[in-house]
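All remarks here apply to the structure that follows.
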Amino acid sequence: MRGWVLDCYPDMDADRMVLWFKTPGGAVRVVDDMTPHIYVHSSRERLDKLKNDLAMIGVKDAEREKRRISLGDDEKDVLAVPVREYASLQSLAATIDSWGRYREHSLYNVDLRMDQRYFLHKGLFAMGLAEIDGLRSLDAWRRIDYPVPMLKGLELGVKVRGTGIPTMDDPLISISANSITLDGPEDAVLEEFMSLVREEDPDIIYTDKGDSFVLPYLQHRASLHGMNMELGRERGERTSRGKSYFTYGRIVYKPPAHKLRGRVHIDREASFTYGEAGLPGLIEMSRLSHIPLQDISRLSPGSAISAMQVNEAVRSGHLIRWKKNLPEGFKTAGALIACDRGGFIYEPRVGLHDDVWEVDFFSLYPSIMVRHNISPETLNCACCPRSPLIVPEIGYRICEKRTGLIPRVLEPILNRRRVYKSMKDDPRKGANYQLRAKALKWVLVTCFGYTGYRNARFGRIECHESITAYGRDILVRSARIAESRGFEVLHGIVDSLWLHGGGDIHRLCDEISAEFGIPLNIEGRYRWIVFLPSVSTGVGALNRYYGLFDDGELKLRGIAARRRDAPAIVEELQQEMLQCLSQAGNAQEFIDTVPEALLVMDDYAAELRGGGVAAERLIVRKRISRRLEEHTRFNDPVAALRQLHDRGFELEPGQSVEYVILDSGSGRSWDRVRAAPFLADDGYDREKYVELVHRGAAELLSPFGWSFQRIRGRDGSQRR
DNA sequence: ACGGCACGGGG
DNA sequence: GTGTACGTGCCGT
């Protein structure tokens, strides 16, 4: 019998691994033995002593072996320590660690996921197809066009009695499961739902806020009736630790995960990847990272790339150091300045332009890592003291003998993304491929950030510096080539250039692509584009612009309409003004349309002053970074936090507070704003919202003489 | 004027 | 279980 690896986790009591396979006939549970090992590196003598010491505390069969302990290095003596009791792994590692004085010995393969260990040991992987009897893989994770199982999904939602912020104490009104709604007495509804899950036997349960509310809530309500809410195919959940406050309609800012056994719970709210790339994206990431679907759904793309790096390191014979140990090399003060410049940014030509091409490099930073072999072990390696491969500006040497770990991991990902993108119009598979490409895009983006992250396993700040150094070099030289071909460079950010006029854009892209070995693609041609000035300095703001492509699509960056804290009314205003400006086909027509856009603004101001705007369009949302008592200034978000506090709800850093402004200047929190859960018919601060609308308009039109001050003056004279 | 605070991207 | 750095704008003090 064959099936796909749907789930994999340790049975901590039996010290065996549990596997769930999805077969066309249903789900199959299998258990398998695995003894994880941790490794210690030290001198031979110390390892022998360690072996004896371990025997004294009952750990037998520790064996000396030769293994690779750092990237690109030769094999060293290590002691392989079998861990028979899964639950004791961390404490055993801590004990061994405590036996060594500073740097006397180091530990490996301690903080490896159990599922990943098992997969690497067995040659299986998550969502891969396998022969169930004998546990043999029938699949290869590198396959691009792989077989995907039919997975049965169940959409779970609850309706709760109560107003404002739902709590565990509110009784259940109904449960919805796909298109079915179960209602009636609470205990009957819960009972019915459990039997429905048993009968339907879904592979995936989808929720919104399942981790933070729905699942703990259902369990709590069931317990009140003496029932046990079991939603997995096996009893028990795999709940991670987490503090369980109940605030603002959800538990905590980092809720404990509620992972089922043998069945996948995907909490859309808790899954960045699902939101971006759906189930096809999750499956792609699961296969590449070897992390089960349910787990990868809750991890960031950064964790996924980290897992892929671990896989590659283990497959190429390396042990994984417990904590990262590549210290940042010595640098002089001058070198620090030269290195820390980040991505290159041209100063944009502020204002309006037409006939503009935007060109972007394909995954520039990952492509640089692959093409220039940038990896922690390839920079200033000991094996190539005379290497001619030198990073521009900062002069690091790059290994010319071996391909580094990071390029080995990235190369297939770049390739897959390219293939998926090229097949996005395939009538049968295109939609899925596009989602897979999206998931990979995020993996690639975060890989760069990870190289500079101090806790990354395979991070090294010099990689980060080298990548941006190459990036600047490539962008500056590309701009020069463009100029030599008759284009005017209007703006450039990291991997993109905006070019005006000139000759054959396709030939230019081909020439630059060939020069650097990285594809330069045409993003589009703008009928017009506006680069906005910085409000404070007046020179070009680096990342704030809006423009209209030839196909009628608008591209917006950095303006209120793109910001999550802007109230809907301001977003609508800007969108409507932009729709109005979209009638213009070139710069001159744009200028002629500006007065019409101002009339749109006036309509919004009048509507606000009329007092009839619905509260939902006025809600401001801010993410808070500290608790109420830690705030030193009294402002709108603090006022809203105080209201929630007054009613017994606390927000954790990382959560968002939502409110409507009632009286902007007030020093009393209940007069100043109204937190969204307590909204009644409170009205709003009409002049404050008019001001926000005027600011939103000025943000778009300041290059055309309509500064915020002038708009205010115009407003004043119109009202007189 | 200064400093606290929040946001951004890609499609 | 975890991407960073930093430019930008608003607003309270």
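Naming: A, B, ... by sequence-line order, numbering from 1 per chain. What's counted below: heavy atoms across the whole structure, side chains too, no hydrogens, waters or symmetry copies.
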Return the value, rounded to whole Å, for the distance between atom CG of A:Leu651 and atom P of B:dA6. 12 Å

Please figure out whether A:Phe634 or A:Glu699 has its closest DNA chain C nucleotide nearer the 5' end. A:Glu699

Between B:dG9 and C:dT2 - P atom distance, rounded Å: 23 Å

Please determine if A:Glu284 and A:Arg416 form a salt bridge, counting it only when a charged side-chain N lies under 4.0 Å from a carboxylate O. yes

A:Ser300 side chain N/O closer than 4.0 Å to the phosphate oxygens (OP1, OP2) of C:dG3? yes

Got A:Met423 and A:Gln434 here, is their nearest side-chain heavy-atom distance under 4.5 Å? no

Indicate whether any N or O donor in one side chain lies under 3.5 Å from an N or O acceptor in the other, for A:Ser656 and A:Arg564. yes

Nearest-nucleotide wise, let me know which of A:Leu299 and A:Arg672 is further upstream toward the 5' end of DNA chain C. A:Leu299

When rounded to the nearest Å, what value does the distance between P atoms of C:dG7 and B:dG11 take? 24 Å

Between A:Ser664 and A:Asp685, does any side-chain donor sit less than 3.5 Å from a side-chain acceptor? no

Between P of B:dG8 and CH2 of A:Trp442, the distance in whole Å: 12 Å

Please tell me if A:Arg695 has a side-chain N or O lying less than 4.0 Å from either OP1 or OP2 of C:dG9. no

Atom-to-atom span, CD of A:Glu629 to C1' of B:dG4 - whole angstrom: 17 Å

Looking only at side chains, do A:Tyr9 and A:Gln294 share a donor and an acceptor under 3.5 Å apart? no

C:dC11 phosphate, OP1 or OP2, under 4.0 Å from A:Lys688 side-chain N/O: yes

Please name the pair of heavy atoms, one in A:Ser286 and one in A:Pro292, separated by the smallest distance, quoted to 0.1 Å. OG-C, 3.7 Å

Do A:Arg349 and A:His491 pair up side chain to side chain, a donor and an acceptor below 3.5 Å, judged on atom types alone? no

Taking 4.0 Å as the cut-off, does a side-chain nitrogen or oxygen of A:Ser303 come that near to OP1 or OP2 on C:dG1? no

What interatomic distance, in whole Å, is found between C1' of C:dA5 and the corresponding atom of B:dA6? 15 Å

For C:dG3, take OP1 and OP2 only and decide whether either is under 4.0 Å from a side-chain N or O of A:Arg457. no

Contact list for DNA chain B against residues 554-565 of chain A - heavy-atom distance below 4.0 Å: A:Arg557, A:Gly558, A:Arg562, A:Arg563, A:Arg564, A:Asp565

Rounded off to whole Å, could you give me the CG-to-P distance for the A:Leu364 and B:dG9 pair? 18 Å

Should A:Lys441 be listed as having a side-chain N or O under 4.0 Å from OP1 or OP2 of B:dG11? yes

Just the rounded figure in Å: distance from C1' of B:dG9 to CZ of A:Phe272. 9 Å

